[in-house]
Amino acid sequence: MILVLEQILNGLQYGVMLFLLAAGLTLIFGIMGVINLAHGSLYMIGAFAGTWVAAHTGSFWLGLPVALTAAAVAGLLIEMLVVRRLYERDHLDQVLATFALILLFNELIVLLFGRQPIFTPLPELFSGSVQLFEGFPYPPYRLLIIATGLLVALGLWLLINRTRIGMLVRAGSTNRDMVRALGVDIRMLYTIVFGLGALLAGLAGYMAGPILAVQVGMGEQILLATFVVVVIGGVGSIRGAFVAGLALGVVDTAMRAFLPGFFRTFMEPAAADNLGAGIASMGIYLLMAIVLLIRPKGLFAPGA
Amino acid sequence: MSPLLETECLYKRFGGLVATDNVSLAVMSGEVHALIGPNGAGKSTLINQICGELHPDAGRIRLDGRDITGESAARRVHLGIARTFQITSLLEDASVRDNVALAVQACLGGNLRIWDRRAARGEIWRETSRLLESGGLDDRAQARCADLSHGEKKQLELLMAMAAHPRLMLLDEPMAGLGHGESRDMVDRLGEIRKETTILLVEHDMEAVFALADRISVLVYGRIIITGTPDEVRGHPDVREAYLGAEDAPC
Amino acid sequence: MELRKFLLGAAAVGLLASPVAAEDAVKIGVITTLSGKAGYLGQDIRDGMLLAIAMEDGKLGGVPVELLVEDDGLKPGNGRQIAEKYMGDEGVKLLTGIVFSNVAGATVPDIVENGAIYVSPNAGPSNLAGEGCNENYFVVSWQNDALHEAAGAAATKLGFSKAFALAPNYQAGKDAITGFKRTFEGETVGEIYTQLDQTDFAAEMAQIRAAEPDVVFQFQPGGLGIAFLRQYQQAGLLGQIPMVLSEPSTDAVVLQAVGDAALGIHATAHWNIDFDNEANREFVAAWQETYDRPITYYASQGYDTARLIASAFAQTGGVDDIDALREALRKADFASVRGDFAFGQNQHPVQDWYLLDIVEDGNGSVKAVTNAKLLEDYGDSYAAQCEM
Amino acid sequence: MPRLLAALVILALFAAMPEVASAMGQSSLMTLAARILIYAMAAASLNFILGYGGMISFGHAAFFGIGSYTVGILAHHLASGEPLFGIIPGSGDMAVTLPAALLVSGIAAAIIGALSLRTGGVQFIMITLAFAQMLFFFFVALPTYGGEDGTIISSANSVPGLNMRRKATVYYFILGVATVYFLILWRLVHSSFGEVLKGIRQNERRMTAMGIPVYRYKLFAFILAGMGAGLAGALLANFLRFASPDIMHWTKSGELMIMVILGGVGSFFGPILGAAALLVLEFHLAGWSEHWQLALGAILLLVVLGGRGGINGLLARLAGGRR
């Protein structure tokens, strides 16, 4: 029972990470119609910039603003120098351009930080593990990640439902032309949304630093899972990104944890492990395929 | 005379909105049957169900006595139902000639041939030329579709629908957006076409409707409130109230 | 910043390389992985080689050499292309450098069929160790399975009886667990194959805790290993359940990155920085003088590869006589930084394996200290299948 | 006929490549040329559905990989002597392996296409990616054929009358297959079906209104494209004498797509130009600096920001400017 509970917490933690990345991506996708493959690079930039500062100052908290700033600045630069010229082009040009950006950023990081993974210490307060209740220790840092993710989700909800920018974002994700027709400075809106998306990616990257390895190519690893979340949730929907992110996190974790055991109940252990692990690694893709076959636009597609 | 097209209690709803509410309609062979009604009355929804783009929640559609409710949109074209779109829908990157040629080819068949040369299929080009000539677009044959004027696009749509040699033509607001002169040309053109095919015409331009229609059905809130000759419809009090309302009486 | 170091390093490499690019220099082709997450492996292998060459003033075994280096991007097709370029365009007869087994699989057969010699500084896949062995193919590092067989032996020697094993769900991972179980005499109570691109192991931690093993064996190379060890600590398992690791999970870069999360772990290795022999002292001193980063065993393998080639060149004077070169390489007449070294029947190493302890180094970080010899003159499980 | 002339020039270049390469003392050029041919075939098959049919498949490497593995698996069972599933004997005969690769990749494309084509737009991009990734993980987890390390094919498949142990022979065989392939593709693009497909890219609703069952036509195109990529994959396996899951990884699908975009979407010669440009750049940049990806990224970025239509569009503008 404790195992199940722990796995659910683990799934939630992975899920909010995915949500932080997917929230920005889904807005960029839904509002600007831009496929941004370099979103993972922003995650990497946040992780490297923040971790580097944290490692040199010894303070986890000093790294945080640096990570956010670096990712946001990088995002704004990408938007102004590259993506802005591609809004009117088709998806394919965007794919090529943002793929080129991945190559550029990866190599720049190698030049700046070297090829070795770098390391942040956990903040003192959150290292080790706490007993959630008797016999159930859990790393507090992971709880911090979950809390951060939920706070961001709340913040985004308020931003989108209670502010003028949010109203434009909502309008933009359902009907791009209408916002333009309203005479809103759409460029400004695009830049803001892109910057915000980059900021969240940077936050996710920095938060991931102490539990994962901060290294070149870390962005591509999580990029695909993020796209899966965006598509399952419905392109342009923050709510979709939230629900799909958490669902995918929990499902993925649960499959990894329990599938081999499940197969062992009626198969040879070796074959069961193989099959279980195989299906678990295909899991999120399988899930996406099933969701899309039932709801071709995803779960919460705006205007669908 | 037997009806060419019959709909029987067609019912379609979107969420809470009933778009077509038990519509039973009969279009006689050879007639021009106009479908009028205020905006949002469900005319386009009805057209889309007849051509197969939408599937009704309940009810049946028969073409010449044959139940086609379950047939796909593409199949219905081959059974004899062609259509035009309210907002022109063409192959914008292709030339006028290629647009028509593709419509001709689609009707002639052999579309899955992967080892022939379309350019060498004389039958397609002969028929294409004939159509272009009949529609007065032969001098624009090489123009890119996206460069055509609105009126020309409407004409082209009509030609492409004609390429299928339809028994029933569904025209979704062929006059929409046309200038006065262009509208008159279109009415003349439809007058030609009606010799070859039965027409179900959705139109707001009352002048055109009363000039062309043999019978008129009035659709309000997804319901047909009357079907009759132009004179009957013109004189019907419900129509005046429900549809014509405050507007001036037509003609 | 690292950029400065990089520029210095690049300048150093340029200086080291330039005098040897003479007309009569023997070209050695290095195909290695420099980009992406595994880039540091190839970098260390290459730099180990460059170091050996620099220490001999641009020569190996008295023969001036030029090292050609290209990045394969971890793509088998690219590796093959580079090999063809070296052999066809540059007339290279001696190649080395490949880090990963899949690149080796696409590249090595082509090299040896062309009559050139390939000396592996890292990957030793089983399909080239047994029936697929070739007289032109040498492995200086280890046969892949031996890494994990050493870990199994360590777990046995330390008296553990219930092991829990984890590895990524790909060939090397499966080989790892198979290798571990081959020498581990206790019971394996749980086995998990993690996803190839998985960096979060929380789910696995929970399963380990539930299975209550008395030792954990895990194979997670590079960045995955860093994530695993840190999460092991965060899950409160470090210090509760001992861990035995094979070499790729505890290279110097991993140790530096995980810090105190590696304390108390039982590591296994065929080389360690503290090995007390002349060759190693020389190597370690030269490295620390030249490069401002930790020495990994990859660097030692690159260095050993170059030293092996030097020993052969000293006898043959170059690559003109391939048969003589092959014979000379087979003798392995050089002082390896790991001590005893010989080639087995399949031209893979026969060497000793050691148990290491991970302890504090006094500067707030950790280091590996050699504890005991685990296996002596240990070859591999495939040599018998090799007919040569 | 400038196109015919261009085609002949390209063919002559490739035909002369082994001679030129050995004359220049750079025999690796032949390897490069062979890879360009193979990748051009795969990219052209993607261009067929992407450029002509408007289906943005992000999982095309799946079929490339399936073709490659068909050859690898048949070779494996030939070597081991054990039939696959106990019934299908191994084979090292090109007359068997190439049709088998076409068949298997066609079946896979039929299944994947039938499911994927129910969606559209971004969702189609992602669902094709998903299926390709599932296949990738499947082969990675399959120990029989080496998993991620791949399976080594001891020798290129035999062709009666040819000495396939000679590299130049293998090269000319690949060139021959590629030539036939592009001739077929040329016919296909200009056939009745090809014209319908181009119509579908522009306006599916209109095509339906003309009586074309769009889904079926797209599926047919998807299958043809899958078979094309499968054939290219089979050649790659013969050429590398190696099959591994890395050629069905999503980055490989991306690479194929980039070749198409770089060369010029929907142009016949675009994929050849794109494959050549990307592989030649990779080849020379990687030899020039270990930080070659920086340069590659910058060049790709400049190309895409600089103009539409890729290299093909650039050539067209140059030709237009000169007139």
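A, B, ... follow the sequence lines: proteins, then strands. Residue 1 opens every chain.
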Original post:
Out of A:A289, A:G298, A:A100, A:G283, which one racks up the most heavy-atom pairs below 4.5 Å with chain D?
Top reply: A:A100
Original post:
What's the verdict on side chain to side chain contact (heavy atoms under 4.5 Å, CB included) for D:I125 and A:V95, showing C-alpha distance, side-chain angles and the deciding distance?
Top reply: CA-CA 11 Å; D:I125 301 179; A:V95 166; over 6 Å; no
Subject >> Heavy-atom closest pair, residues A:K297 and D:Q123 >> reply: O-NE2, 3.8 Å
Original post:
Side chain, backbone, both or neither: which part of A:V82 has a heavy atom under 4.5 Å from chain D?
Top reply: both
**OP:** Measure distances from A:L286 to the heavy atoms of chain D and classify the residue's part below 4.5 Å as side chain, backbone, both or neither.
**Re:** both
Subject >> Close side-chain approach of D:L301 to A:L103, heavy-atom, < 4.5 Å >> reply: no
Subject >> Under 4.5 Å from a heavy atom of chain D, the part of A:L287 involved >> reply: neither
**OP:** Would you indicate whether the side-chain heavy atoms of A:R85 and D:V304 approach each other to under 4.5 Å?
**Re:** no
Subject >> Sub-4.5 Å side-chain heavy-atom contact between A:H91 and D:V122 >> reply: yes
Subject >> Neighbourhood of chain A inside residues 106-119 of chain D, taking heavy atoms under 4.5 Å as contact >> reply: D:L115, D:R118, D:T119
Original post:
Is there side-chain contact between A:D93 and D:L305, with heavy atoms separated by less than 4.5 Å?
Top reply: no
**OP:** Among the options A:I35, A:T98, A:L224, pick out the one with the most heavy-atom pairs lying under 4.5 Å from chain D.
**Re:** A:L224
Original post:
Using a cut-off of under 4.5 Å for heavy-atom pairs, which of D:I258, D:T251, D:L300 has the most such pairs with chain A?
Top reply: D:I258
Original post:
Which atoms of A:F99 come close to chain D, meaning under 4.5 Å heavy atom to heavy atom: side chain ones, backbone ones, both, or neither?
Top reply: side chain
Original post:
Given the rule in the side chain to side chain contact (heavy atoms under 4.5 Å, CB included) test, do A:L104 and D:L294 qualify, once you have shown the distances and angles that lead to the verdict?
Top reply: CA-CA 5 Å; A:L104 278 176; D:L294 191 67; 3.7 Å; yes
